Amino acid sequence: MTTVTSQRHPGSLLKELDLTKDQFLGLLATAAKLKRGKNGGSETAQLTGKNFALIFEKASTRTLCAFEVAAHDQGAHITYLGPTGSHIGEAETVADTARVLGRMFDGIEFRGFDQASVEELADYAGVPVWNGLTNEWHPTQMLADILTMTEHHDGPVEEIAYCFLGDGRNNVARSLLVTGALLGMDVRIAAPRELWPPTDVVDAARALAAVSGAKVLVTDDVERGVSGAHFVYTDVWVSMGESDEKWATRVPQLLPYRVTEQVMSATGRPDAKFMHCLPSVHNADTDLGRRVRDQFALDGAEVTDAVFESSASIVFDQAENRLHTIKAVMTQAFDA
Ligand code: CP
Ligand code: NVA
């Protein structure tokens, strides 16, 4: 039996459900300011001398690079702990690791499997802990995504409608659902019934919507899902940590939810934008893309190459905004 040595640090970011609408929008405002500062050459370092541990139990390009560049831009140092090479999870508990890292570092990022692990890390570390993706939630992605939507929409967030198509149970879909509900947006999930988000997540979204005025729709009807949407969003059909064998069931399940030019047209908005957290299977130019092509005779999976490469696609704006939003999370953690 271990004892909790300290309260969770208020600068932690573990899941969207922990934030108020004002806190979420406050992080976006900070991120927009940091972005202007960096692009205008007037960024000032607020984290000089701080040390951050970046724990990655799963692969990452954007999240790792965003945390690392954000730290460097702000004068902080990072230590990377990858899927192998440390004792975490293998020979040392999360609680023990948290108490060790909390003695050495000023903040800890964690990407891994169970949400319970990042929550336990926050319970024991005593320093800010930031969720860089778990099986359940991807909160730093949401900050980047909503910032990107606001950059491509004239008007308040409450006016924005977006639809996620694909595996509605995955981290990104769940996060999009509760984030839209928190912020009073019009959020839709279009997925086959067997891949709808779990009931507790839909209930949480509906409870938030009752307060925020959000519209929440979970449907298996693609046309209904995307009609009127400003943003059409998808994600990989098989997430990290799931077995490769899942592809055999997911392809037939999700093929009707693939984002094609017809789906983009079905929004009824010629200016509708395409979003994806990335990485994406949109052609056969990767090992995974080649396996999908060879096994299922499909060139790309969740989105066609035509949509991915079209002028409607704002996926690289999203990727860039991971940096500015993660920097906002880090800097604001120490204002808390
Ligand atoms: N979107 C995202 O989290 O990307 P990475 O897996 O590359 O970090
Ligand atoms: N749902 C994806 C998101 C990757 C950023 C995964 O968990 O693999």
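All ligand and atom numbering here is 1-based and tracks the order in the structure. Atoms considered below: every heavy atom in the structure, side chains included; atoms not considered: hydrogens, waters and symmetry mates. Keep in mind the model is a prediction, meaning the values are calculated, not measured.
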For [atom], what is the closest protein heavy atom, and at what distance to 0.1 Å?
{"atom": "atom 4 (O) of ligand 1", "answer": "R62 NE, 2.8 Å"}
{"atom": "atom 1 (N) of ligand 2", "answer": "D235 OD2, 2.6 Å"}
{"atom": "atom 8 (O) of ligand 2", "answer": "M240 N, 2.8 Å"}
{"atom": "atom 2 (C) of ligand 1", "answer": "R322 NH1, 3.2 Å"}
{"atom": "atom 4 (C) of ligand 2", "answer": "L133 CD1, 3.9 Å"}
{"atom": "atom 7 (O) of ligand 2", "answer": "N171 ND2, 2.9 Å"}

Proximity flag [X] to ligand 1, non-hydrogen atoms under 4.0 Å:
{"X": "L278", "value": "yes"}
{"X": "R111", "value": "yes"}
{"X": "H138", "value": "yes"}

Show me which atoms of ligand 1 lie under 4.0 Å from any heavy atom of [X].
{"X": "T61", "result": "5 (P), 7 (O), 8 (O)"}
{"X": "Q141", "result": "1 (N), 2 (C), 3 (O)"}
{"X": "C277", "result": "1 (N)"}

Hey, are [X] and [Y] close enough for a salt bridge, meaning a charged N less than 4.0 Å from a carboxylate O?
{"X": "R169", "Y": "E194", "value": "no"}
{"X": "R62", "Y": "E320", "value": "no"}
{"X": "R291", "Y": "D244", "value": "yes"}
{"X": "D203", "Y": "R206", "value": "no"}
{"X": "D299", "Y": "R293", "value": "no"}

Between S175 (side chain only) and N171 (backbone N and O only), is there a donor and an acceptor less than 3.5 Å apart? yes
Side chain to side chain contact (heavy atoms under 4.5 Å, CB included) partner of R258, the single match among T304, V303, V263: T304
Atom pairs and distances, side-chain donor-acceptor, residues 21-34, under 3.5 Å, sequence neighbours left out:
from: K21; atom 1: NZ; to: E158; atom 2: OE2; distance (Å): 2.5
from: K21; atom 1: NZ; to: L183; atom 2: O; distance (Å): 3.4
from: Q23; atom 1: OE1; to: T20; atom 2: N; distance (Å): 2.9
from: Q23; atom 1: OE1; to: T20; atom 2: OG1; distance (Å): 3.4
from: T30; atom 1: OG1; to: G26; atom 2: O; distance (Å): 3.0
from: T30; atom 1: OG1; to: Q332; atom 2: OE1; distance (Å): 2.4

Please state whether T63 comes within less than 4.0 angstrom of ligand 2, counting heavy atoms only. no
Only counting residues at least two apart or in another chain, list the ones meeting side chain to side chain donor-acceptor pair (under 3.5 Å) with K273. none
Verify whether the ring centers belonging to F52 and W130 lie closer than 6.0 Å. yes
Those atoms of ligand 2 less than 4.0 Å from some heavy atom in [X]:
{"X": "S239", "result": "1 (N), 2 (C), 6 (C), 7 (O), 8 (O)"}
{"X": "N170", "result": "1 (N)"}
{"X": "L278", "result": "5 (C)"}

